[in-house]
Amino acid sequence: MENLKAIAADLLQWYTINKRTLPWRENNAPYSVWLSEIILQQTRINQGLSYYLRFLEKYPTITHFANASEDDILKLWQGLGYYSRARNMHHTAQNIVNQHHENFPKNYSELLKFKGVGEYTAAAIASISFNLPHAVVDGNVYRVLSRLFAISTPIDTTEGKKTFKELANQLIDKDYPGDYNQAIMEFGALQCTPRNPDCDSCPFRNRCVARQTNLVDQFPVKVGKQKIKHRYFNYLLIDAGQKTFLNKRTKSDIWKNLYEFPVIETDHKAEVTELEEGLLKFFSNLDFEINGISPWHKQVLSHQHIHYRFIHIRTCYKKNMLSSLIKVNKKDIFNFAVPKPIERELERLNW
DNA sequence: AAACCGTGGCG
DNA sequence: TCGCCAAGGTT
């Protein structure tokens, strides 16, 4: 135990010297801490930083956030990925404003009940905003602790999660839980990095078991990765004069509640003739002609590869046509939150 | 419990 | 190039 206290103290000391100046470290108010934690989930600081600043500027309080529409939240979130984070945050903001008098509950178990707030985020808010001794366990913590103690329990198993959470909660400095949590994460991000960690200047170079046994690159241990699913999206870029058509993805699937061009999904790179049935579903007896077809592109998601292309279709605009879709003026299309493939195509089209 | 859910940078 | 993985959470 004395050993653990020394490690926590060394982490805190390392942090005071090496911590970066970041906007969410300027104050510990729960709303801004929460916002930063959600944005930074599975996301690098450089990628999330500008989003954090824009959200805080547009929605300076949780009440501003809660009063926004979901479409507006998603539009500001566009490009960040994992869009359920935005939807869940919005839901929780409204919950806190309406059911909790705009105040976050000041304990871990209540925080954990909110949508989009898991063990990590609950511990982060509890420790940073309310000085409560709950240890965060994120990718950095897994890496640092697995190396320091040469723990070979796979981190992506139930047993692994339990093991590392218990160890992290033994290690936490109960006087400075927020700083301690940020210290171990910052240490993992800057010193004990996934590849080429800086072991030579590491304050634990004489205590790290992985280092002593020359096995640093063997930790953390993981059991395996899931298989990648391939999908094929034939987007219909409909040219109806000034207008085109969009579809809102409402099902439980990727990009939920974002907008896109109407799509015919196939299970392979289909020939155009194979799309006839799909086209008929949209156009039935309307006249249209295929004006051109883009090459295939690929969007890599964490667990799927989306192969997509654009079928350019020209048709005469008729009132009430394609009523299952959203009719929009081409120039208004930038008001909609769209996934990356659509965003890139809109830039290319230069509408 | 295992799948699902984005995007970008890095070596 | 391509697999890894980044302040995870939900179903």
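Atoms considered below: every heavy atom in the structure, side chains included; atoms not considered: hydrogens, waters and symmetry mates. The sequence lines fix the lettering, A, B, ..., with proteins before strands; numbering per chain opens at 1.
Taking the P atoms as reference points, C:dA7 lies 25 Å from B:dA3, given to the whole Å. Rounded to the nearest Å, the gap between the P atom of B:dG8 and that of C:dG9 is 22 Å.
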Heteroatom pairs (N/O) under 3.5 angstrom, protein to nucleotides 8-11 of chain C:
residue: C:dG8; atom: OP1; partner: A:G139; partner atom: N; Å: 3.3
residue: C:dG8; atom: OP2; partner: A:Q42; partner atom: N; Å: 2.7
residue: C:dG8; atom: OP2; partner: A:Q42; partner atom: NE2; Å: 3.4
residue: C:dG9; atom: OP1; partner: A:G118; partner atom: N; Å: 2.9
residue: C:dG9; atom: OP1; partner: A:T121; partner atom: N; Å: 3.0
residue: C:dG9; atom: OP1; partner: A:T121; partner atom: OG1; Å: 2.6
residue: C:dG9; atom: OP2; partner: A:Y120; partner atom: N; Å: 3.2
residue: C:dT10; atom: OP1; partner: A:G116; partner atom: N; Å: 2.6

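Between C:dC5 and A:Y142, no contact under 4.0 Å exists linking OP1 or OP2 to a side-chain N or O. For C:dC5, the OP1/OP2 oxygens have a side-chain nitrogen or oxygen of A:K222 closer than 4.0 Å. Phosphate proximity of C:dC5 to A:R143: absent, as no side-chain N or O sits under 4.0 Å from OP1 or OP2. Contact annotation: A:R344 reaches the phosphate of B:dG8 (side-chain N/O to OP1 or OP2, under 4.0 Å).
At a threshold of 4.0 angstrom between heavy atoms, the contacts of A:N181 with the nucleic acid are absent. Heavy atoms of A:G79 sit under 4.0 angstrom from primed sugar atoms or phosphate atoms, though from no base atom.
Residue whose closest nucleotide on DNA chain B sits further toward the 5' end, between A:R195 and A:W255: A:W255. Comparing A:K340 and A:S252 by the nucleotide of DNA chain B that holds the closest heavy atom to each, the one mapping nearer the 5' end is A:S252.
Here the closest non-hydrogen pair linking A:N103 and A:I96 is O-CG2, 3.6 Å.
Between the OH atom of A:Y52 and the P atom of C:dA6 there is a distance of 22 Å, rounded to whole Å. One interatomic measurement links the two molecules: CG of A:N46 to P of B:dG9, which rounds to 9 Å at whole-angstrom precision. To the nearest angstrom, C1' of B:dT7 lies 8 Å from CG of A:L80. Spacing between atom CG of A:D179 and atom P of C:dA7 amounts to 18 Å, rounded to whole angstrom units. Note: OH (A:Y51) to C1' (C:dA7) measures 18 Å, nearest angstrom. Rounded to an integer number of Å, the gap from CG of A:N257 to P of B:dG6 is 11 Å. Atom P of nucleotide C:dC5 and atom CD of A:Q47 are separated by 17 Å, given to the nearest angstrom. Atom CD1 in A:I342 sits about 14 Å away from atom P in B:dG6, given to the nearest Å.
Partner of A:H307 under the side chain to side chain donor-acceptor pair (under 3.5 Å) criterion, out of A:R231, A:H230, A:K298: A:H230 alone.
No side-chain N or O of A:Q242 forms a donor-acceptor pair with one of A:N329 less than 3.5 Å apart. For the residue pair A:Y235 / A:E260, a side-chain donor-acceptor distance below 3.5 Å is found, with atom types taken as modelled. Side-chain N/O atoms of A:T92 and A:N95 include no donor and acceptor closer than 3.5 Å.
The aromatic rings of A:F114 and A:F104 lie perpendicular to each other, with more than 60° between the two planes, well past the 30° mark.
Proximity of a side-chain donor or acceptor of A:W255 to a complementary backbone N or O of A:Y259 within less than 3.5 Å is not detected.
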Please step through salt bridge (charged side-chain N to carboxylate O under 4.0 Å, His left out) for the pair A:E277 and A:K281, ending with a clear verdict.
CA-CA 7 Å; A:E277 189 182 346; A:K281 274 186 187 167; 5.1 Å; no

Starting from the C-alpha separation in whole Å, work towards a yes-or-no answer on ring-ring contact (aromatic ring centres under 6.0 Å, His included) for A:W24 and A:Y52.
CA-CA 9 Å; A:W24 45 85; A:Y52 173 83; 5.2 Å; yes

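Residue A:P341 has its side chain nearest to B:dT7 when only B:dT7, B:dC5, C:dA7 are considered. For A:Y83, counting side-chain heavy atoms from C-beta on, the closest listed nucleotide (C:dA7, B:dT7, B:dG9) is B:dT7.
Open room surrounds CG on A:N214; 12 or fewer heavy atoms of other groups in view lie less than 6.0 Å from it.
Using a 4.0 Å cutoff on non-hydrogen atoms, the parts of residues 298-306 of chain A near DNA chain B are A:Q299, A:V300, A:L301, A:S302, A:H303, A:Q304, ordered by number.
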